[in-house]
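Step one of this worksheet: look at the structure below.
No hydrogens, no waters, no symmetry mates; every other heavy atom, side chains included, goes into these values. All chains are named by letter (A, B, ...) in the order of the sequence lines, taking the proteins before the strands, and each is independently numbered beginning at 1.
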Amino acid sequence: MAAAYNHKVVEKKWRGNWEAHPINVNDGKKPKYYCLDMFPYPSGSGLHVGHWRGYVISDVWSRYKIMHGYYVIHPMGWDAFGLPAENYAIKNGVHPRISTANNVANIKRQIQDIAAVYDWDMEVNTTDPEFYKWTQWIFVKMFKAGLAYEKEMPINWCPSCKTGLANEEVVNGCCERCHSVVTKKNLKQWMLKITAYADRLLEDLDKLDWPEKVKKMQSDWIGRSYGAEVDFKVEGRDESITVYTTRPDTLHGATFMVLAPEHSLAKSLATDETRKDVEDYIFRASTRSNIDRMQDKEKTGVFTGSYAINPLNGKKVPIWLSDYVLADYGTGAIMCVPAHDDRDFEFAKKFDLPIIQVIAKDGKEIENMTEAYTEASGTMINSGEWNGMESSVLKKEAPEMIEKLGFGKKKVNYKLRDWVFSRQRYWGEPIPIVHCPDCGCVPVPEDQLPVLLPEVEKYEPTGTGESPLAAIDEWVNTTCPCCGKPAKRETNTMPQWAGSSWYFLRYVDNKNKEELVSREKADKYLPVDMYIGGVEHAVLHLLYSRFYTKFLHDIGVVDFDEPFTKLFNQGMITGKNGIKMSKSMGNVVSPDDLIEDYGCDALRMYELFVGPPEMDAEWDDRGIDGVRRFISRFWNLVSDNADKNFAETDEVVKLRHKMIYDITTRIESFSLNTVVSGFMEYTNKLIDIAKKQGGIDKATLETAVTLLAPFAPHVSEELWEQLGHTTSVFEGNLWPSYDEEAMKDDEIEIAVQINGKMKGKVTLSVDADKDTAIAAAKAALGDKYPENTVKEIYVPGRIINIVAK
RNA sequence: GCGGAUGUGGCGGAAUGGCAGACGCAGCAGACUCAAAAUCUGCCGAUGGCAACAUCGUGCGGGUUCAAGUCCCGCCAUCCGCACCA
């Protein structure tokens, strides 16, 4: 009888062995496989079992690939700049540089407890000057390419974080980080022209093996639409107003026009009678937050007193202002066709404006219209020369017709906006720009990078729209790299997404002082083959990374233009009742105690056993006992039979091939929870057989240990050694293959049904013919077999169903 | 409002259209023990029945099929995403 399983002894031993003899070495000959986790920001509360889940999934996948002969690039690093780290530092009164270093040390210890095959030589940290030098370098390159520009405009402002935010960081009108209601603030901002890549970001989604949900979120976010810009002359003036519409087919039905209150002409359109109301409305709109506007149940608006001329039919249409028209989309002005647009219909009803139907519904004009007819299908009516055309056809042709008629043009629009890139905060990469009174914005020369983040006493945000860096005169005052005259440094910092937009490129060449990544290494090791992380970054990090990669492709740094070939989103682990784990809820489960009590291998397997990897799961500590019991039983099975040299039997050989088949196909389909239950099932069967026949052959034990290795690496290594091996189970492409013939049964038990209801079972040879099967069913059912049968169904290997009256 | 996902025992969850509830947790009973823990064995959807067994049962209502948790149509609930983008 071998010694009982003791996780502390086994895990300590193999952790040491792996350190002395690494199992995933790059010999230059193996094919590469890059399996990446979304790197964490080093929070103060450490890791909980939910973070563990993603890391376990990626490690199982990495080890599985190693066992197929790949050199697996599996790195880890720290996303340590940005709001989360800085807010934590402020709250605890510790300088972010110090708190970040402490948190990294703690989380690194916790991550090492997973026993994943991370290559710590590749570690990166976004706050390391050797790293952010390249974050700044990319910005300079973008500036030179005309993709980074300065602009004064009203942007999203978080009053609590005291900084501007990107559109992507505003969720339901609130700050993505602290959930405060976001307001508007007029600020001079650095912007990145992500919109220049809108088409490529949209179209290249097709070549990605990503969850459909994420692709859809990105394509909705980019929001491309086709339509036309149409110019309406203002009556009695020289000016005209351009509107954007996706429904130029309905132009004859445009009975009024609405401008955003922020539209440049809004004020000047007022007449003496309307001036006071118009100015009031504009003022009120300027004081309201997006969230207030969104919560309006009824539309508001004001008539300017002016009219525009519909260029197609010369009719006068009144010009209104309303805040349901967005200033920063399209042209900030729309033509309104109440008969065919829900919002215009509502507005027309409220303010008693005319409604003219121009598309027939079911071939006729609707009497007493109660809602807009929004579909582009039906014959055009009330539309002059367009009468009789099919609206869906006209919709496509109208932009060109309008262009020919000379009062507009074809136009493609996007919901995607340029990326607000300045943060009025301390803990980020300084934007490497110098403001010179003579030369304007001058990028810091590439050989002078990085622009180091200066040490400061006061790093709290000022709230004035200036970064804390603005208060450090000796840092701000510099000379112009261009003309040498006195100049000032840009004091805003980059958003937390800057480093994470390209970090995955740096891992494979993290010590390179000359280049972001050498082209040789990039070609050899990139891009990422498998990326694993939560879905919360769908339109943030994952969109920004694609943008950065495309840019770096365009300037020749890398030869691919998509960073992550395959993406897997693991589900969230929550506390009881699906409540998100958080310090404030007091429901955080730390892995530390569980490792101590049950061992790393048991926790790894339980993380997978809680449910399908892509689904959320409620954590319940109690279930881990089952996995731990399984490991002990497995240990005893292998350990007790290791030296017996028991001869293999047909029954066990068949089971062995089935086991390889089941485990392998389940891993390939990422059904990792059923891999664990599969191990339990096969182990239980083998234990029963071992009792019955007195032992299990070595080949079967070796197969089982090999299959288990990616999941419970320590136990597997130890048992592999007990089976007489002197090298690691992860060396030498040991993943077993199955033989379809060998796993086939000769006889199989199938169910007998009468009218689809289970009535009994028969054991038949797999190639039994129908007559044999029916005879067996008659024998099994005896006098329950119906007399007046209508039909007898026999599906070999599956079912017998007797249909009777 | 629009879009997506999910809905199966006390619980987590399994089921290429073919025996619903695998596997595990919890529970119950037994073995071992002076006893407990650990371990092992058995039971474990509901209703009726001593039992064999019968009937019902995968959110609800229809449909297709010899056969539906699975496919189709229509609802309901929960969660997530987007939300006046003209």
For [N], what is the paired nucleotide under Watson-Crick or G-U wobble rules, both distances under 3.5 Å?
N: B/rA29; result: B/rU41
N: B/rA54; result: B/rU47
N: B/rC11; result: B/rG24

Between atom [atom1] in [X] and atom [atom2] in [N], what is the gap in whole Å?
X: A/D342; N: B/rC84; atom1: CG; atom2: P; result: 14 Å
X: A/N673; N: B/rA15; atom1: CG; atom2: C1'; result: 12 Å
X: A/E229; N: B/rA86; atom1: CD; atom2: P; result: 13 Å

If only side-chain N and O atoms of [X] are considered, is one of them under 4.0 Å from the OP1 or OP2 phosphate oxygen of [N]?
X: A/R629; N: B/rC25; value: yes
X: A/K791; N: B/rC66; value: yes
X: A/N172; N: B/rA83; value: no
X: A/K757; N: B/rC56; value: yes

For a quick check of understanding: with a heavy-atom distance under 4.0 Å over all strands, which category does A/K691 fall into, base, sugar-phosphate or nothing?
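Result for A/K691 = sugar-phosphate.
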Sugar-phosphate only, base, or nothing, as touched by A/Y414 at under 4.0 Å among non-hydrogen atoms:
nothing
Has the side chain of A/K299 got a donor or acceptor atom sitting under 3.5 Å from an opposite partner on the base of B/rC84?
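When only heavy-atom distances are counted, A/K299 does reach the base of B/rC84 through a donor-acceptor pair under 3.5 Å.
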Nearest-angstrom distance, C1' atom, B/rA14 to B/rG48:
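Comparing C1' positions in B/rA14 and B/rG48 gives a spacing of 29 Å.
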B/rG12 and B/rG63, which share atom name P, separated by this distance in whole Å
32 Å
